[in-house]
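Because the structure is a prediction, the values reported are computed rather than measured. First listed ligand is number 1; within each ligand, the first listed atom is number 1.
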Amino acid sequence: MTPPVPVLVDCDTGVDDAMALLYLLARDDIDVVGITTVFGNNTAAQCAHNTLRVLELVGRRDIPVAVGAERPLVGEVTYLATHVHGNDGLGDSGLPMEVSTAVSDLSAVELIDRLSFEHAGRLRILAVAPLTNIARALETIPDLTDRIVDIVIMGGAADVAGNQSPAAEANIIHDPEAAQLVISAAWPTTLVPLDVTMVEVLTERHRSMLIAADTPVSRFVAATTDFYFERYGMDSYGVRCSPCHDAVAAAVLTGEVVPSVFPVIDVQVDCTDGPGRGATICDTRGRYRGFPSMPEGNCRVALVTDGTFPDLLIAALGA
Ligand code: BDR
Ligand code: CA
């Protein structure tokens, strides 16, 4: 039997971050060896606490959780996404606040250093939040790119509008300088942008199935998506439903979702102070020629998926 693949998750847990974690934790082929948190949906400290709450739900108190950056590389935090993820960052779902474990004594960068050393040549990273921790790790650990197999990032908007500004997606606009550093680093990078995450939509049908399954996990996801449907769905689609951004990226990492258009192209992050700040400028000019290979490309970008992942997701979550 092939041993499970070690994965480090960097996140800002988060309704959809929680879905990504639960999805990965349900799989035999993946070993989540550590989780680092960063500001974004809430403070890094609250996101770490939320991560422990989710781990408690599934009895995985063994996974180390380390708190990372509370601010971007440049400037200050401009907002935390409590309007989308609730005051507690988990959709105010009623998931118990008490946990029986504590966060790691290590910082996020220290945990990345330790795990990338222990699992050198095998570790994959799923990054579903502002990229500050990963950028700091690149600055601190000179051979980090050699230790890591690849990084899969939920973030950006290639050929569609942003969600935090007309041009920019939330994870990237929180820290464009970090995103530019991470995307241009010398490791295989996959970007899973809004182009695909916005078409993988959880609906009331999925919530009904989660409620009917009546397991601790399905009840939690149904409760947490109730808030998300109301705030995110109504705002973005005009009806109660929601994307499951970070879980889509997790499924691209596992290979369960294989984008039908998935070229290696050049991606640059707009780090100016103008209206384009945080935009991911993706060179999709090859689209009319079937995306001929672009040797100078720095990133594989998911551009098209078929919208069927939410069915797989809720099945993985027990519904
Ligand atoms: C991203 O922003 C966060 O709010 C979500 O957790 C996701 O990672 C979507 O733009
Ligand atoms: Ca996230």
- Query: Is there at least one pair of N or O atoms, one from Tyr232 and one from ligand 1, spaced under 3.5 Å apart?
  - Reply: no
- atom 8 (O) of ligand 1 sits nearest the protein heavy atom Asp246 OD1, 2.6 Å
- Shortest protein heavy-atom distance from atom 2 (O) of ligand 1, along with the residue and atom involved: Asn171 OD1, 3.4 Å
- Message: Name the residue from Asp113, Val67, Thr36, Leu111 that meets the side chain to side chain contact (heavy atoms under 4.5 Å, CB included) definition with Leu106.
- Response: Leu111
- Considering only protein heavy atoms, which is closest to atom 3 (C) of ligand 1, and at what distance to one decimal place? Asn41 OD1, 3.2 Å
- Item | Note, Ile141 side chain near Phe117 side chain (heavy atom, < 4.5 Å) | no
- Note on the structure: Taking only non-hydrogen atoms of Asp16 and a 4.0 Å limit, the atoms of ligand 1 in range are 5 (C), 6 (O), 7 (C), 8 (O)
- Message: What I want to find out is whether Asp226 reaches Arg231 closely enough, with some N-O distance under 4.0 Å, to be called a salt bridge.
- Response: no
- Do other residues, nucleotides or ligands put more than 12 heavy atoms under 6.0 Å from Arg61 CZ? yes
- Within a distance under 3.0 Å of the Ca ion (ligand 2), the protein atoms of type N, O or S are Asp12 OD1, Asp17 OD1, Asp17 OD2, Val128 O, Asp246 OD2
- Using distance alone, with no hydrogens and no angle criterion, decide if Thr280 and Glu169 have a side-chain donor and acceptor under 3.5 Å apart. no
- Which atoms of ligand 1 sit under 4.0 Å from any heavy atom of His245? 9 (C)
- Message: With a sphere of 6.0 Å drawn around OH of Tyr79, does it hold more than 12 non-hydrogen atoms of other residues, nucleotides or ligands?
- Response: yes
- For Asp266 and Gln268, does a side-chain donor sit closer than 3.5 Å to a side-chain acceptor? yes
- Message: For ligand 1, which is the ligand I care about here, please tell me if Ala81 has any N or O atom under 3.5 Å from one of the ligand's N or O atoms.
- Response: no
- Nearest heavy-atom approach of Ser93 to Phe220 is OG-CE1, 3.5 Å
- Note: heavy atom closest to atom 10 (O) of ligand 1, options His85, Glu169, Gln164, belongs to Glu169
- Message: Would Arg300 pass as a cation-pi partner of Phe262, given that its NZ or CZ must be under 6.0 Å from the six-membered ring centre and within 45 degrees of the axis?
- Response: yes
- Just how far is it from atom CD1 of Ile265 to atom OG of Ser293, taken to the nearest 0.5 Å? 12.5 Å
- Work out whether the distance between some heavy atom of Asn163 and some atom of ligand 1 is less than 4.0 Å. yes
- Note: ligand 1 atoms sitting under 4.0 Å from heavy atoms of Met154 are 1 (C), 7 (C), 8 (O), 9 (C)
- Assign the ring pair His174 / Phe39 to parallel, tilted or perpendicular, where the plane angle (0 to 90°) is split at 30° and 60°. perpendicular
- Item | Side-chain touch Leu95/Leu57, heavy atoms, less than 4.5 angstrom | yes
- Message: As an exercise, identify every atom of ligand 1 less than 4.0 angstrom from a heavy atom of Val128.
- Response: 8 (O)
- Item | Which segment of Asp17 sits under 4.0 Å of ligand 1 when only heavy atoms are counted | side chain
